[in-house]
Amino acid sequence: MIKAIALDNEILALRIIENYAEKIENLTLEKVLNKQSDAQKYLNKFPVDLIFLDIEMPAKNGMDFYKSISQNTN
């Protein structure tokens, strides 16, 4: 099973991702988040396999956020 989260500052975009994720076998959308700080806190506690990530976000663009996270890959 693939564990995923979605991070987007637009709530409608998160709802669309949730809708599509429900249709994918072997994928569990664990959490939807609209703030990078909340996503960072979540990822520090719960590693995931996949992140649906908005590129254009207010605080830091999505690619910079991705580069800043670290997860235990064991």
Side-chain angles (χ1 to χ4, degrees):
M1 184 66 68
I2 298 171
K3 293 180 184 178
I5 64 167
L7 172 60
D8 198 310
N9 61 308
E10 296 179 30
I11 302 301
L12 180 58
L14 290 171
R15 299 300 166 245
I16 292 169
I17 293 168
E18 282 180 308
N19 186 39
Y20 279 108
E22 288 175 1
K23 299 174 184 178
I24 300 172
E25 290 185 35
N26 298 321
L27 177 72
T28 302
L29 188 58
E30 301 282 325
K31 192 89 169 166
V32 293
L33 304 135
N34 66 346
K35 294 181 184 174
Q36 291 178 356
S37 58
D38 292 341
Q40 183 65 59
K41 289 175 190 173
Y42 184 86
L43 291 169
N44 288 341
K45 292 181 182 179
F46 307 103
V48 298
D49 304 306
L50 176 66
I51 302 174
F52 294 99
L53 180 59
D54 185 10
I55 299 299
E56 293 185 27
M57 296 193 70
K60 181 190 303 183
N61 84 40
M63 294 308 295
D64 289 339
F65 173 77
Y66 175 76
K67 291 174 187 174
S68 74
I69 61 174
S70 62
Q71 293 190 60
N72 184 356
T73 56
N74 292 333

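Small disclaimer: the values here were computed from a predicted structure and weren't measured.
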Sequence neighbours excluded and cut-off under 3.5 Å, please list the side-chain donor-acceptor pairs for residues 5-14, or say none.
residue : atom : partner : partner atom : Å
Asp8    : OD1  : Glu10   : N            : 2.8

Shared hydrophobic cluster for Ile17 and Val48 (ILVMFWY, side-chain gaps under 4.5 Å): no

Common cluster, Met57/Tyr66, ILVMFWY with side-chain heavy-atom separation under 4.5 Å: yes

Identify each donor-acceptor pair in which a side-chain atom of residues 39-47 lies under 3.5 Å from a protein atom, sequence neighbours left out, and give them as a table.
residue : atom : partner : partner atom : Å
Gln40   : NE2  : Asn44   : OD1          : 2.9
Asn44   : ND2  : Gln40   : O            : 3.3

Closest non-hydrogen atom pair between Asn61 and Asp64, with its separation: OD1-N, 2.9 Å

Nearest heavy-atom neighbours spanning Gly62 and Leu53: O-CD2, 3.1 Å

NZ/Lys3: more than 12 non-hydrogen atoms of other groups inside 6.0 Å: no

Spacing of CG belonging to Leu27 relative to CG belonging to Asp49, to within rounding of 0.5 Å: 9.5 Å

Expected output: side-chain Glu18 to main-chain Val32 donor-acceptor under 3.5 Å: no

Set of salt bridge (charged side-chain N to carboxylate O under 4.0 Å, His left out) partners for Glu30, sequence neighbours left out: none

